[in-house]
Each structure stands twice: as structure tokens, then as C-alpha cells.
K.L.:
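Encoded as C-alpha cells, here's the structure I'll be asking about.
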Amino acid sequence: MLPKKHRLSLRGDFHAVFQGRIKARSGPFRIMCNENNLTYNRFGFVVSLVVSKKAVIRNKIRRRLYAIVQHIFPTLLSGYDCVVWAYPEATELGYQEIEGHMRQMFERIRMLKL
RNA sequence: UAUGUAUGCUGGACGGCUACCCCCGCCUUGGCGGGGGAGGAAAGUCCGGGCACCCUUCCCGACGAUGUUGGGACAGAAGAAGGUAACGGCUAACAGCCGUCGUCCGAUAUACAUCGGACCGAGACAGUGCCACAGAAACAAUACCGCCAAUCAUCAUGAAUGCUGAGUCUAAAGCUCAGCGUAGUGACAGAGGCAAGGGUGAAAAGAGUGGAGUAAAAGCCCACAGACGAUAUCGGCAACAAUAUCGUGCGGAAAACGCUUACCUGGUGCAAGUCCGCAAGGACGCUUGAUUCCAGCAGUAAUGCUGGAGCUAGAUAGAUAACCGUUGCCAACUUUGUUUGCCGAAGGCAAGUACAAAGUUGAGCAUCCGCCGAAGCCUCGUGCGUAGGCGGACCCUCCUUCGCUCUUCGAGCUUCGGAGGGUACUCAAUUUUGCAGCUAUGCUUCGCAUAGGCAAAAUUGGUACAGAACCCGGCUUAUAGGCAUACAAAAACU
RNA sequence: GCCGAAGUGGCGGAACUGGCAGACGCGCACGGUUCAGAGCCGUGUAUCCGUAAGGAUGUGAGGGUUCGAAUCCCUCCUUCGGCA
């Protein structure tokens with residue numbers, strides 16, 4: 001879980017990210033980013049009712065995404081707001097596979113530090 | 001014994017590592033320390049409440065006065081609309097719960113009765129409607145087949161008495177003949193009487209048995225029995241039940257109705273609403289409550305009362321976790337033993353059901369590819385493929401050989417070639433079970449006990465349903481495994 | 001969190017005042033027309049059993065009321081829509 005400071009919460013923040021041009025996709029996940037005027041990153045996750053009708057499964061996917069982002073947080077460049085979507089196929093994946101997809105997406109949008 | 005149904009309870013544990021939310025304290029403005037952090041259904045949203053605002057009404061005050069505005073209330077008329085429906089109790093309230101009654105079903109039983117289960121369990125002599133097809137008729141009735149011939153009509157016959165005519169002598173009477181025709185008899189079934197029987201249908205006028213009755217019949221009448229309603233008495237708070245009297249010929253459907261009766265509900269819902277802010281948004285409401293646990297008392301019970309102790313999530317794109325390790329539990333399988341039946345001298349054959357126990361730890365391990373392919377499998381193709389066969393790569397051991405290095409009668413490394421092997425498990429400990437023919441020790445002998453000894457085994461899968469969003473009381477639905485109680489009874493054995 | 005609507009062959013969609021389920025259209029299959037194709041015309045077309053006649057099941061699932069349920073009632077499932 002990320003601290004509340006690093007989470008996206010306001011409606012306007014999400015809409016600002018939707019205006020961004022930095023996008024990537026890997027497997028059942030999609031990411032969209034935009035620059036903010038802060039010195040740190042903020043993340044938001046979208047796991048809609050289409051993914052699964054059971055709240056337990058949706059919560060587990062979101063918690064895994066939070067845990068992965070928290071794990072690779074120090075290796076990222078700063079100053080971005082990001083939103084990650086999950087799609088129904090994500091319910092079939094294990095933790096290692098989700099982590100692989102996430103790393104691939106961050107690599108494609110060149111947010112990893114060298 | 002296994003299984004099913006119903007009800008109630010339970011719903012894994014420990015540790016590592018990296019993090020999140022709330023509260024408290026300290027230093028001090030982001031760190032440290034401490035404490036807490038999902039459920040029986042948090043779900044579905046099917047009901048009921050608390051709570052908040054609005055509407056109406058009432059009360060008080062002010063004013064620009066039959067209205068406006070501010071405050072308060074133990075308030076919610078009628079109608080509409082919606083809901084509930086045996087009776088009593090419980091409750092803040094309910095479509096919930098408890099108890100009782102009634103009807104129906106099942107088991108035991110001759111029966112009474114007992115046990116278990118189900119029930120939207122008021123009203124169809126207030127009204128508007130419905131009962132398809134079939135059938136004569138589907139509810140103030142009607143008559144297809146059928147039954148009857150009392151009454152009317154028709155036809156035939158027709159006593160006594162009678163009427164008319166003729167004759168018998170003119171008349172009358174009487175007598176004879178002819179005609180009419182009454183009662184009666186017979187025929188027919190046109191009018192009519194009947195609804196017992198047949199047939200149709202889910203249901204047929206709703207009255208079952210016996211008698212009387214009739215032309216034939218029928219609750220048309222009588223006796224007995226059934227159902228429903230009213231009244232009285234007895235039991236019960238009541239629904240209801242028992243008995244007696246009186247009355248009623250009595251179809252179904254209220255899960256047809258903007259139908260009746262009785263009772264309940266003013267409306268909207270925390271996205272209610274209050275406050276701050278230009279706005280985005282934020283704070284409050286928001287967790288001390290019809291609260292939890294324990295004990296006692298009252299009550300058949302639901303439940304209530306009293307006393308003591310406790311504070312037990314409060315997120316808001318939504319925390320309570322992610323990833324590992326150990327272990328518990330369950331199932332299958334394997335092994336061992338016990339088990340059951342049959343034959344029998346030892347012993348064997350069959351069943352593989354039920355029960356019990358174990359399935360742990362460490363070390364070593366060089367194999368791989370292609371083609372074919374008994375068994376076996378299916379999509380039935382000359383497909384897949386276990387054992388196995390052939391070929392190749394690679395590895396190990398030995399021998400021969402070309403060289404190199406060094407601490408030089410030897411060792412190591414290496415090139416070419418040849419032979420053999422590459423078996424998928426092995427070893428040790430441990431645990432459990434079994435064995436008792438060998439050894440040691442102890443006990444008084446048979447023998448028993450302990451320690452050694454011998455044999456066997458050391459796999460796989462699962463661990464539910466599901467995530468608070470203002471809070472409670474219910475209902476319904478989901479739920480691996482485990483526990484308890486009641487009921488049912490397949491199969492096997494006795 | 002709250003409120004509402006729908007579910008019928010392979011598809012769309014009738015039958016909703018209870019009374020023979022699948023009208024009608026599209027699609028599909030077969031046959032005819034044509035030298036051939038399109039188009040047109042005709043027949044058939046839920047599932048199972050049966051040579052056939054015929055029988056059984058079937059309106060999202062389960063239960064109930066009724067002589068009889070796609071229709072009425074109850075509980076679930078799925079899908080869709082609305083409210084800041």
C-alpha cells in the first residue's frame with residue numbers, strides 16, 4: 001500500500017491524467033501518465049466491475065498492483081501522475097506475471113531510472 | 001456403519017520481511033514508541049425501525065397582517081395509494097420470533113392417540129366479472145340419449161245410462177235396428193311430466209344410506225348420518241373444542257378486481273441534512289449503542305428486569321494487506337496389521353468394505369536428442385505412446401597413443417583411436433507397524449519386558465462462501481471441512 | 001448507497017384480459033426454375049425417444065395458487081438503464 005500522499009484521489013487529478021500523452025499497454029493492463037508540478041509521483045488504479053463481480057477479487061488485484069508499485073517505486077523517475085487499468089484477464093494471473101507486465105509498461109514509457 | 005433432511009454452533013494457528021489507516025504520548029512538523037484494525041452472512045436490498053430534513057396541522061413571537069418569517073411540538077384527520085390477514089404473547093417495529101389452534105401429508109397403530117413435516121390459514125347467501133375445449137346445460141339454468149303415459153290432443157274400441165233418427169199400427173210408452181258418444185280399455189309420443197340412469201368435462205346443480213311415495217320420478221316427504229351458520233351451557237384470555245337446540249340444500253376460484261371487512265403507514269432518504277469555502281473541495285453527521293460479556297430472577301418459550309465488568313474498525317478512487325516459510329485439518333492413494341465369507345490337515349481362495357498407524361530428515365546421483373514401437377489410449381489416423389529396440393551427442397572407468405607442465409624412476413593436464421558402462425535410484429538416520437527363529441540384561445519356571453536384530457513404507461491434491469461505507473432488528477441466498485441434537489431409512493451383518 | 005426495467009427457436013420479435021406456445025421476418029437445409037450464378041417459387045427447421053403414427057420435455061432457475069401458468073404470487077440468477 002502506498003501512503004495517501006502518493007495516491008490519486010480527486011476527480012480533477014484523474015481528468016488531468018486523461019489529458020496526458022504517455023501511454024502503454026501490456027497484457028491485461030494499461031497505463032496512462034501525465035506530468036504534475038510536484039517532486040514526487042502519484043498513482044491511481046482502476047479495477048471496474050467488468051473485471052469481476054466479486055469485490056474480493058477486485059480488491060486483491062488492486063492490492064497487488066499497489067504492492068508492485070510500492071516495490072519498484074525507488075527506481076522510477078519523479079514528477080508524474082499515473083493511472084493503471086486492469087481488464088478481466090487479470091483475474092487469471094499470478095503475482096509474478098502481473099509484476100512482469102508492470103515492469104514492461106514502465107520500461108516502454110521510459111520512466112525507469114538508468 | 002455409511003447416507004440424507006432439518007435446526008443450532010464453528011469458520012485454522014505461528015513466524016519472517018516490506019507496507020497502509022485511526023487513536024494516544026514524546027521530541028517537534030516528520031520521525032520514534034505504544035494501542036487498535038471485517039463477517040455470519042459485511043452479500044441480495046425483500047421488510048421493519050432509529051435518525052435527519054420536507055409537507056400538513058397546532059402553539060408562541062415579530063411584522064409591511066386572513067399572509068410572510070423565526071422558534072417549538074408527546075401532533076399526522078379524511079380521501080387516495082400501498083401493505084398485513086387463525087388466536088394469544090414478545091418487540092422500538094415488522095411480512096420476524098415464541099406458544100397454542102385448525103386443515104392436509106407421512107410414520108407407528110384396529111382405533112383413540114403420539115411423533116415429524118407443510119400451510120398467502122379472513123370473506124364467494126354485498127357488487128362487477130371468470131370457469132377454454134368438450135358437453136343438453138358451467139350456475140336465478142336446462143333437456144341430447146333416456147324414463148313415463150297421470151293431464152290435453154289424435155286414432156281405434158266402447159258397458160250401463162243417455163241423445164238423435166228410422167221402424168214396429170195414428171200418437172205416447174215400450175220394444176227392435178242404425179248412428180252419435182260418456183266412463184273405461186288399447187295405441188301413438190304431438191303438447192306435456194321427470195332428472196333416477198347414460199354420456200362430456202378438472203368440476204354437472206352437489207343429499208350419503210334406508211324407507212315412504214309416483215304414471216315415471218325426485219329432499220317432494222320421513223328416519224339416521226355428514227357440512228355450514230346461529231344461540232345456549234361447560235373448558236379455555238382467545239382462536240377453538242365438547243354437548244344440546246334451532247336454521248340452511250350448501251360448486252370452484254379472493255395468488256380475478258382501481259371487491260368487502262378489520263388493522264397499519266404523512267413524504268423522502270445519510271447522495272437525508274448542518275457548517276466552512278469564489279470554486280475545486282473540506283469538516284461534522286460517524287460510531288456509547290433498542291451495545292457486548294457474565295451472573296441472578298420472572299416466564300412453557302420468544303423475551304424482559306436487576307446487578308457487575310468492558311469499550312470492540314471508521315476508510316472515503318475507498319485502510320484492515322502483498323510475498324514467503326513452518327504447521328494443523330480433510331480427501332484420495334501406497335504399505336502394514338486387524339476384519340468378513342467359503343473350503344480345508346497344514347494352508348489357500350474371494351471380498352476389498354470398515355477401523356488403526358505411518359507416509360519424516362539428511363547426503364549422493366549425467367544425462368539428452370532423433371527414428372521405430374509390444375501394452376494401452378482416443379479425435380480411429382498407418383495418430384499419441386509405457387516397457388523395449390536401433391542410431392547419435394555427451395559423461396565416467398580402463399587400455400593404447402601425440403605432446404605439455406612440475407616439486408622428475410612419479411603425478412597432473414591434453415590429442416587420436418579402441419573396449420566396457422551410464423541400471424533411476426542408492427546410502428545413513430528416524431518414525432510407525434509387524435516378526436520373534438539370534439545376542440545381551442532383569443525377573444522365581446513356562447515366559448514376559450527392555451535394548452540391539454530382521455522386514456515393509458516414506459506420494460499427490462484440497463483448505464469454503466466471501467470485504468464494513470450512518471446504525472440496528474429480521475428474512476432470503478452463498479458456504480470446503482468439523483461438532484451437536486432430532487427424524488428418515490437403501491445396503492451389509494447379527 | 002438508492003431507484004427502475006427486461007429475460008420466449010440460431011437471431012430479431014409476437015402470443016401477456018390464465019385455455020392448442022412459438023405468429024411474422026431474417027438466417028439455415030433441401031427441391032424447382034437457369035447453360036451456370038444471383039434473384040424468385042415451394043417445403044422443412046426447439047430437444048430427446050420412435051421406421052412411422054405418435055409420445056415425453058421445453059418460455060432464465062426453483063417453488064406455490066389453479067382443472068390448467070409464458071401469463072398470477074414468492075425467492076433467486078443474469079443483463080440493461082437512471083440518480084452526484
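Within every chain, numbering begins at 1; the chains are lettered A, B, ... in the order of the sequence lines, protein sequences first and strands thereafter. The basis for the numbers below is simple: all heavy atoms, side chains too, and nothing from hydrogens, waters or symmetry mates.
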K.L.:
Is the closest side-chain heavy-atom distance between A:Lys60 and A:Arg63 below 4.5 Å?
P.N.:
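No, side chains not in contact.
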K.L.:
Taking the side chain of A:Pro3 as its heavy atoms from C-beta onward, which of B:G467, B:C20, B:A19 lies nearest to it?
P.N.:
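Of B:G467, B:C20, B:A19, B:C20 is nearest to the side chain of A:Pro3.
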K.L.:
Between B:U336 and B:A491, how far is it from one C1' atom to the other, in whole Å?
P.N.:
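Those two atoms are separated by 29 Å.
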K.L.:
Watson-Crick or G-U wobble partner for B:U459, using a 3.5 Å limit on both distances?
P.N.:
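In the structure as shown, B:U459 has B:A332 as its Watson-Crick or wobble partner.
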K.L.:
Would you measure the distance from the C1' atom in B:U200 across to the matching atom in B:C131 and give it in whole Å?
P.N.:
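Comparing C1' positions in B:U200 and B:C131 gives a spacing of 16 Å.
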K.L.:
So, using salt bridge (Lys or Arg N to Asp or Glu O under 4.0 Å) as the criterion, who are the partners of A:Arg103 when residues are at least two apart?
P.N.:
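With neighbours one apart ignored, the set is A:Glu99.
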K.L.:
Applying a 3.5 Å limit to both distances, which nucleotide forms a Watson-Crick or G-U wobble pair with B:C454?
P.N.:
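In the structure as shown, B:C454 has B:G434 as its Watson-Crick or wobble partner.
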K.L.:
Using Watson-Crick or G-U wobble geometry with both distances below 3.5 Å, tell me the partner of B:U326, or none.
P.N.:
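Paired with B:A13.
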K.L.:
Specify the glycosidic conformation (syn or anti) of B:G40, with syn defined as within 90° of 0.
P.N.:
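Chi for B:G40 falls in the syn range.
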K.L.:
Rounding to an integer number of Å, can you tell me how far A:Leu49 CG sits from C:C80 C1'?
P.N.:
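The distance from CG of A:Leu49 to C1' of C:C80 comes to 13 Å, rounded to the nearest Å.
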K.L.:
What's the shortest heavy-atom distance between A:Ile109 and A:Cys33, and which atoms?
P.N.:
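Closest pair (atom of A:Ile109, atom of A:Cys33, distance): CD1-SG, 3.8 Å.
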K.L.:
Return the value, rounded to whole Å, for the distance between atom NZ of A:Lys60 and atom C1' of B:G467.
P.N.:
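For the pair A:Lys60 NZ and B:G467 C1', the rounded distance is 13 Å.
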K.L.:
For A:Val50, give me all partners under side-chain contact (heavy atoms from CB on, under 4.5 Å), at least two apart in sequence or on another chain.
P.N.:
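Only A:Ser48, A:Pro88 meet the side-chain contact (heavy atoms from CB on, under 4.5 Å) criterion with A:Val50.
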K.L.:
Atom CZ in A:Phe29, atom CD1 in A:Ile98: separation rounded to 0.5 Å?
P.N.:
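Output value for this atom pair is 4.5 Å.
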K.L.:
Sort out the partner of B:A242 for me: Watson-Crick or G-U wobble, both distances under 3.5 Å, none otherwise.
P.N.:
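Across any shown strand, B:A242 pairs with B:U233.
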K.L.:
Would B:U287 be called syn or anti, given that syn covers angles within 90° of 0?
P.N.:
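Because its glycosidic torsion lies within 90° of 0, B:U287 adopts the syn conformation.
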K.L.:
Taking B:G102 as the reference, what is the distance to B:G308 when you measure between their C1' atoms (whole Å, please)?
P.N.:
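To the nearest whole Å, 48 Å.
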K.L.:
Determine the interatomic distance between C1' on B:A255 and the same-named atom on B:U7; round to the nearest Å.
P.N.:
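Nearest-Å result for B:A255 against B:U7 at atom C1': 30 Å.
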K.L.:
Indicate syn or anti for B:U108, taking the glycosidic torsion and treating anything within 90° of 0 as syn.
P.N.:
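Base orientation relative to the sugar is anti.
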K.L.:
Take the protein atom NE2 of A:His71 and the nucleotide atom P of B:C324, then report the distance between them rounded to whole Å.
P.N.:
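Distance, rounded to whole Å: 12 Å.
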K.L.:
Under a 3.5 Å cut-off for both distances, is B:U353 Watson-Crick or wobble paired, and to whom?
P.N.:
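B:U353 is paired with nothing.
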K.L.:
Whole angstroms only, please: what is the NE2-P distance between A:His6 and B:C21?
P.N.:
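Atom-to-atom, A:His6 to B:C21, this comes out as 10 Å.
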K.L.:
Please measure how far the C1' atom in B:U463 lies from the corresponding atom in B:G481, and state the result in whole Å.
P.N.:
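Each nucleotide's C1' atom is 8 Å from the other's.
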K.L.:
With syn defined as a glycosidic angle within 90° of 0 and anti as the rest, where does B:G282 land?
P.N.:
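Anti conformation here, the glycosidic angle of B:G282 being more than 90° from 0.
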K.L.:
Which residues, ordered by chain and number, are linked to A:Trp85 in its hydrophobic cluster, where ILVMFWY side chains connect at heavy-atom gaps below 4.5 Å, directly or through other members?
P.N.:
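Noted: A:Trp85 shares its cluster with A:Leu8, A:Phe14, A:Val17, A:Phe18, A:Met32, A:Val46, A:Val83, A:Tyr87.
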K.L.:
Using the test salt bridge (Lys or Arg N to Asp or Glu O under 4.0 Å), find all partners of A:Arg42 that sit at least two apart in sequence or belong to another chain.
P.N.:
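Per chain and number, A:Arg42 pairs via salt bridge (Lys or Arg N to Asp or Glu O under 4.0 Å) with A:Asp13, A:Asp81.
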K.L.:
List the residues meeting ring-ring contact (aromatic ring centres under 6.0 Å, His included) with A:Phe73, not counting sequence neighbours, and say none if there are none.
P.N.:
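Only A:His6 meet the ring-ring contact (aromatic ring centres under 6.0 Å, His included) criterion with A:Phe73.
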K.L.:
Please, which pairs that meet side-chain hydrogen bond (donor to acceptor under 3.5 Å, both in side chains) have at least one residue in residues 16-28 of chain A, sequence neighbours excluded?
P.N.:
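The answer is A:Ser26-A:His101, A:Ser26-A:Gln104.
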K.L.:
Going by side-chain hydrogen bond (donor to acceptor under 3.5 Å, both in side chains), name the residues that satisfy it together with A:Asn59, two or more places apart in sequence or in a different chain.
P.N.:
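Once residues adjacent in sequence are excluded, the partners of A:Asn59 under the side-chain hydrogen bond (donor to acceptor under 3.5 Å, both in side chains) criterion are A:Arg62.
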K.L.:
On RNA chain B, does the nearest nucleotide to A:Lys54 precede the nearest nucleotide to A:Tyr95 from the 5' side, or the other way round? Give the residue.
P.N.:
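Closer to the 5' end of RNA chain B: A:Tyr95.
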K.L.:
So do the side chains of A:Arg58 and A:Leu49 get within less than 4.5 Å of each other, counting heavy atoms only?
P.N.:
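Touching, per the 4.5 Å side-chain cut-off.
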K.L.:
Looking at RNA chain B, which of residues 21-38 of chain A put a heavy atom within less than 4.0 Å of it?
P.N.:
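When residues 21-38 of chain A is checked for heavy atoms under 4.0 Å from RNA chain B, there are no hits whatsoever.
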K.L.:
Go ahead and name the base partner of B:G269; Watson-Crick or wobble counts if both distances stay under 3.5 Å, otherwise write none.
P.N.:
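Check on B:G269: paired to B:C51, both distances under 3.5 Å.
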K.L.:
Is B:C425 paired to anything, Watson-Crick or G-U wobble with both distances less than 3.5 Å, and if yes, which nucleotide?
P.N.:
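Checking every strand shown, B:C425 finds its partner in B:G364, with both distances under 3.5 Å.
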K.L.:
Taking only the P atom of each, what is the distance from B:C377 to B:A478 in whole angstrom?
P.N.:
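About 41 Å, rounded to a whole number of Å.
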K.L.:
Counting the atoms with a prime plus P, OP1 and OP2 as sugar-phosphate, which does A:Ile68 contact under 4.0 Å by heavy atoms, base, sugar-phosphate, or nothing?
P.N.:
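A:Ile68: no heavy atom of the nucleic acid under 4.0 Å.
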K.L.:
Grab the CD-P distance between A:Gln70 and B:C21 for me, whole Å please.
P.N.:
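It works out to 11 Å between those atoms.
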K.L.:
Name the pairing partner of B:G296, where a pair is Watson-Crick or G-U wobble with both distances under 3.5 Å, or state none.
P.N.:
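Its partner is B:C305 (Watson-Crick or G-U wobble, both distances under 3.5 Å).
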K.L.:
Mark up nucleotides 313-321 of chain B, 5' to 3', with B wherever a protein heavy atom is under 4.0 angstrom from a base atom, S wherever such an atom reaches only the sugar-phosphate, and - elsewhere.
P.N.:
---SBSSSS
K.L.:
Please report, rounded to the nearest Å, how far the P atom of B:C323 is from the CD atom of A:Glu97.
P.N.:
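These atoms are roughly 12 Å apart.
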K.L.:
Would you call B:A484 syn or anti, using the 90° rule around 0?
P.N.:
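Anti, since the glycosidic angle lies more than 90° from 0.
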K.L.:
Output yes when at least one side-chain N/O atom of A:Lys53 is less than 4.0 Å from OP1 or OP2 of C:U79, else no.
P.N.:
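Yes, such a contact exists.
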K.L.:
Which pair of heavy atoms, one from A:Asn41 and one from A:Leu77, lies closest together, and at what distance?
P.N.:
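So the two residues come closest at ND2-O, 2.7 Å.
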K.L.:
If the C1' atom of B:G359 is compared with that of B:U459, how far apart are they to the nearest Å?
P.N.:
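The same atom, C1', in both gives a distance of 8 Å.
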